[in-house]
Amino acid sequence: MIVHSDEISRDVSVPAEAAPAIEVRDLVKAFYDVSGDRITLAAANVNFTVKRGEFVCIVGPSGCGKTTVLRILAGLEQPFSGEFRLHTSAQPAMVFQEASVLPWLTVAQNVAFPLKLKGVAAKEQRARVAELLELTGLTDFADARPHQLSGGMKQRVSVARALVDDRDILLMDEPFGALDEQTRLVLQQELLRIWERTGKTVVFITHSVDEALTLADRVLVMSPRPGTIVADLPVPFERPRDVVEMRRDKRFWDLTYEVWRLLAVSPEH
Ligand SMILES: Nc1ncnc2c1ncn2[C@@H]1O[C@H](COP(=O)(O)OP(=O)(O)OP(=O)(O)O)[C@@H](O)[C@H]1O
């Protein structure tokens, strides 16, 4: 889907002076094995800040601790040491690599689920779900069950559900990693359009350098395990972005090379 500039309802550039939404300081995470005598150091001295309304991608080799950092931010893991602050009153919303849809519910019921848990009135639920189905292109599939959907559509349901109760921070762990390249590109464009409209703060993990440069305001590069941030690269492309057109820009390939070089020279542990 091509985004036209008149569809954009807000200025999508993040002002340099924007307040921080997420602050991570000297974060360390270790896991103990069942006998408690062997530890795996998953992340070491992780430091970064994400501004309000910013889209930040984290890339790094497999096992370097990306998911661990995200799970700590989501409150699903405790850090070993260090600290983090989320400047928001609500828990962040999370989208995982595997679309976590409930197979016995329809698309609309899946999206409504967080509102139902909160006891939101039925009329308000219906209005909000209709809005999110529209935003994610699922209106015609409101009554479908997950087994009738493609992988990309299931992931759209996960994104809609993560946005339905309007939390400020969205944490995304390789949400498009299991999809084919073409579906992935379509969903990247749609995610950008949604982000441009909603102004969420997004932290997005990916193995794909290409995906990170397509989406992010900044790319954080992690070293191999125990992962730490080795580079924090601004991505200069103007917004709104067209995920296909931006590949004509030489800066895209220069940055791709730079990130790959950083990933290649990170010392193996
Ligand atoms: N619950 C756990 N118990 C023990 N070790 C764990 C646990 N969770 C993660 N680890 C270890 O921590 C390290 C970092 O894992 P993590 O899943 O954060 O990496 P990742 O960068 O997200 O990897 P990938 O890109 O392959 O998904 C790995 O060595 C992993 O085996």
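Whatever order the structure lists ligands and atoms in, that order sets their numbers, starting from 1. Positions are given from 1, in the same order as the sequence printed here.
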Tell me the residues surrounding ligand 1, counting only those with a heavy atom closer than 4.0 angstrom, sorted by chain and number.
Phe31, Thr40, Ala42, Pro61, Ser62, Gly63, Cys64, Gly65, Lys66, Thr67, Thr68, His207, Arg225
Cation over ring face, Lys250 and Phe252, 6.0 Å, 45°:
no
Selection residues 119-138 - residue pairs positive for ring-ring contact (aromatic ring centres under 6.0 Å, His included), sequence neighbours left out
none
Should we say atom CZ of Arg85 is surrounded by more than 12 heavy atoms from elsewhere, each under 6.0 Å from it?
no
Whichever hydrophobic residues join Leu105 through chains of side-chain contacts under 4.5 Å
Leu102, Trp104, Phe113, Leu117
Tell me, which pairs form a ring-ring contact (aromatic ring centres under 6.0 Å, His included) where one or both residues lie in residues 158-183, sequence neighbours left out?
Phe176-Phe204
Is it the case that one hydrophobic cluster holds both Val24 and Leu76, taking links as side-chain heavy atoms less than 4.5 Å apart, direct or via other members?
yes
